[in-house]
Student: 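What follows is a single structure, and I will ask about it in a moment.
Numbers restart at 1 for each chain; the letters A, B, ... are given by sequence-line order, proteins then strands. Being a predicted model, the structure only gives us computed values, none of them experimental.
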Protein chains: 2
Amino acid sequence: MNIGQAAKATGISTKMIRYYESIGLVAAPHRTESGYRVYLDDDLHALRFINRARDLGFSVEQMRDLLTLWRDRDRASADVKAIARAHIAVLAEKARALAAMSETLQHLAETCHGDDRPSCPIIEKIAAAVPSSGRPANRPRFGIAQLH
Amino acid sequence: MNIGQAAKATGISTKMIRYYESIGLVAAPHRTESGYRVYLDDDLHALRFINRARDLGFSVEQMRDLLTLWRDRDRASADVKAIARAHIAVLAEKARALAAMSETLQHLAETCHGDDRPSCPIIEKIAAAVPSSGRPANRPRFGIAQLH
DNA sequence: CTTGACCTTCCCATCATGGGAAGGTGTATC
DNA sequence: GATACACCTTCCCATGATGGGAAGGTCAAG
């Protein structure tokens with residue numbers, strides 16, 4: 001099985017399959033004489049595992065840990081659960097932060113006529129913060145760019 | 001006012017203030033004879049505007065648009081509202097996606113004993129997808145890395 | 001034997017942000 | 001005045017996960 005077929009079979013792009021190999025997240029597969037990568041069932045299982053972990057928002061480094069635990073038949077389920085729980089908390093906090101932004105903006109938008117006139121509470125409140133939207137100086141920022 | 005003081009006054013790091021200047025998001029401030037940047041009230045207003053827009057999850061390009069609209073006294077409030085509404089939808093969708101991940105993982109974690117024994121439904125279900133967690137092939141991915 | 005679909009490696013871009021080096025400036029204290 | 005220290009300048013590099021694209025090799029069908 002070539003890399004393109006493996007990509008279709010696992011839902012991971014060829015680019016990313018090569019990337020995961022380059023950073024050692026997955027083992028290098030066999031090669032044909034001409035240098036083509038050949039994927040076997042075990043390779044595909046690992047890639048599918050990665051795809052599902054990725055869908056759950058795990059980072060590459062977390063997936064590395066999960067793959068190690070997956071392969072270790074003697075690991076304690078507590079080890080897996082600890083990773084999961086930490087991740088759940090981070091996901092929930094990011095979701096909360098985004099929802100809060102959305103709602104704040106929604107409130108602002110509701111008070112904006114949205115017609116030809118220039119008066120616009122949205123931009124006015126961004127220009128001069130209302131107390132309720134003030135960020136207490138050192139609360140961690142959760143802008144879009146900080147969400148990974 | 002030097003850049004460090006401007007940073008404290010606006011909540012934007014010196015690094016980012018210089019960056020916003022370099023990409024033309026804010027105008028270059030005056031300089032002292034020795035080359036130090038000097039920030040005046042107008043500069044600070046713009047930086048505070050940016051900080052608040054950033055707290056609402058707006059991207060640099062969206063902030064560029066918002067700043068233009070802010071400075072244009074004759075703009076239609078509909079123009080501002082359109083940007084806000086598009087952004088609200090994106091934020092809400094990202095929040096939803098993250099919350100869904102968190103909940104899926106939460107369900108898995110609840111069925112895991114989290115003790116010394118190796119049996120762990122979390123990792124087993126990542127290894128062999130359950131139907132309910134299957135991603136319908138071409139639904140847009142919303143992993144952590146795609147959230148910006 | 002040509003065509004076209006694949007494969008290979010390599011480099012570059014994204015987005016917003018921080019780190020750090022190498023060197024200049026400004027001010028308070030000895 | 002000199003020394004120390006905090007600040008400023010520009011410049012380059014890194015992040016994380018992903019895609020784009022170039023330049024060239026391989027394979028199978030017509």
Side-chain angles (χ1 to χ4, degrees), chain A residues 1-26 28-39 43 47 50-51 53-65 87 90 94 97-98 101 140-148, chain B residues 1-26 28-39 47 50-64 87 90-91 94 97-98 101 140-148:
Chain A
M1 202 178 212
N2 282 345
I3 194 170
Q5 296 166 296
K8 274 174 199 156
T10 63
I12 304 183
S13 71
T14 61
K15 281 277 185 186
M16 290 313 297
I17 293 177
R18 292 194 197 97
Y19 171 69
Y20 291 148
E21 180 187 332
S22 79
I23 61 171
L25 185 63
V26 295
H30 289 110
R31 300 267 185 149
T32 64
E33 283 182 19
S34 59
Y36 281 27
R37 288 172 178 80
V38 176
Y39 291 87
D43 301 310
L47 289 173
I50 286 168
N51 193 40
R54 202 170 55 158
D55 273 352
L56 290 170
F58 286 104
S59 71
V60 163
E61 290 314 309
Q62 287 172 317
M63 291 194 284
R64 205 187 290 274
D65 294 342
H87 188 47
V90 170
K94 287 177 180 173
L98 285 168
M101 288 180 202
R141 173 176 301 284
F142 274 110
I144 293 294
Q146 285 66 41
L147 289 172
H148 61 140
Chain B
M1 203 178 211
N2 283 346
I3 195 170
Q5 297 167 294
K8 274 174 198 157
T10 63
I12 304 182
S13 71
T14 60
K15 281 279 187 186
M16 290 314 296
I17 293 176
R18 291 194 198 95
Y19 170 69
Y20 291 148
E21 180 187 332
S22 79
I23 61 170
L25 184 63
V26 295
H30 290 111
R31 301 268 186 149
T32 64
E33 282 182 20
S34 59
Y36 281 26
R37 287 172 179 80
V38 176
Y39 292 87
L47 289 172
I50 286 168
N51 193 38
R52 289 183 209 110
R54 201 170 56 160
D55 274 352
L56 290 171
F58 286 104
S59 71
V60 164
E61 290 314 309
Q62 286 173 316
M63 291 195 284
R64 206 186 289 275
H87 188 45
V90 170
L91 288 172
K94 287 178 179 172
L98 284 167
M101 289 180 201
R141 172 177 301 284
F142 273 111
I144 293 292
Q146 286 65 39
L147 288 171
H148 60 142

Student: The side chain of Ser13(B) lies closest to which of these nucleotides: dG18(C), dC8(D), dT18(D)?
Tutor: dG18(C)
Student: Give a yes or no answer on whether the side chain of His87(B) reaches the backbone of Leu56(B) with a donor-acceptor pair at less than 3.5 Å.
Tutor: yes
Student: Which value, rounded to the nearest 0.5 Å, describes the distance between Ile17(B) atom CD1 and Ile12(B) atom CD1?
Tutor: 6.0 Å
Student: Mapping Tyr20(B) and Lys15(B) onto DNA chain C by nearest heavy atom, which one lands closer to the 5' end?
Tutor: Tyr20(B)
Student: Please report the distance, rounded to the nearest Å, between CE in Met63(A) and C1' in dA17(D).
Tutor: 9 Å
Student: Within this structure, what is the CG-to-P distance between Asn2(B) and dT25(C), rounded to whole angstrom?
Tutor: 14 Å
Student: Taking the side chain of Arg18(A) as heavy atoms from C-beta outward, which of dG25(D), dT9(C), dC8(D) is closest to it?
Tutor: dT9(C)
Student: Measuring from the side chain of Arg31(A) (C-beta onward, heavy atoms only), which nucleotide among dT9(C), dG26(C), dC7(C) has the closest atom?
Tutor: dT9(C)
Student: Please state how far atom CG in Asn51(B) lies from atom P in dA16(C), giving the value in whole angstrom units.
Tutor: 14 Å
Student: Rounded to whole angstroms, how far apart are NE2 on His30(B) and C1' on dC8(D)?
Tutor: 19 Å
Student: Go through the steps for Val26(B) and Leu47(B) under the test side-chain contact (heavy atoms from CB on, under 4.5 Å), then give the verdict.
Tutor: CA-CA 8 Å; Val26(B) 295; Leu47(B) 289 172; 4.1 Å; yes
Student: Ala7(A) and Ser13(A): which non-hydrogen atoms are nearest, and at how many Å?
Tutor: CB-C, 4.2 Å
Student: For Arg37(B), which contact category applies under a 4.0 Å heavy-atom criterion: base, sugar-phosphate, or nothing?
Tutor: sugar-phosphate
Student: Taking the side chain of Ile3(A) as heavy atoms from C-beta outward, which of dA17(D), dC7(C), dA16(C) is closest to it?
Tutor: dC7(C)
Student: Taking N and O atoms by type only, does the side chain of Tyr19(A) place a donor or acceptor under 3.5 Å from a partner on the base of dG19(D)?
Tutor: no
Student: dG26(C), OP1 or OP2 - any side-chain N/O from Ser34(B) closer than 4.0 Å?
Tutor: yes
Student: Could you pick out which residue, Glu33(A) or Ile23(A), lies toward the 5' side of DNA chain D when each is mapped onto its nearest nucleotide?
Tutor: Ile23(A)
Student: Using a strict threshold of under 4.0 Å (side-chain N to carboxylate O), is an ion pair present between Glu61(A) and Arg64(A)?
Tutor: yes
Student: Could you give the CG-to-P distance, from Asp55(B) to dA16(C), as a whole number of Å?
Tutor: 14 Å
Student: Go nucleotide by nucleotide along DNA chain C from the 5' end; which of Gln5(A) and Thr32(B) gets its closest nucleotide reached first?
Tutor: Gln5(A)
Student: How many Å lie between CE on Met16(B) and P on dG19(C), as a whole number?
Tutor: 13 Å
Student: What is the distance, rounded to the nearest whole Å, between atom CZ of Arg64(A) and atom C1' of dG16(D)?
Tutor: 13 Å
Student: Taking CD1 from Ile17(A) and C1' from dC7(C), how many angstroms apart are they, rounded to a whole number?
Tutor: 13 Å
Student: Name the closest nucleotide to the Arg54(B) side chain, picking from dT26(D), dT17(C), dT9(D).
Tutor: dT17(C)
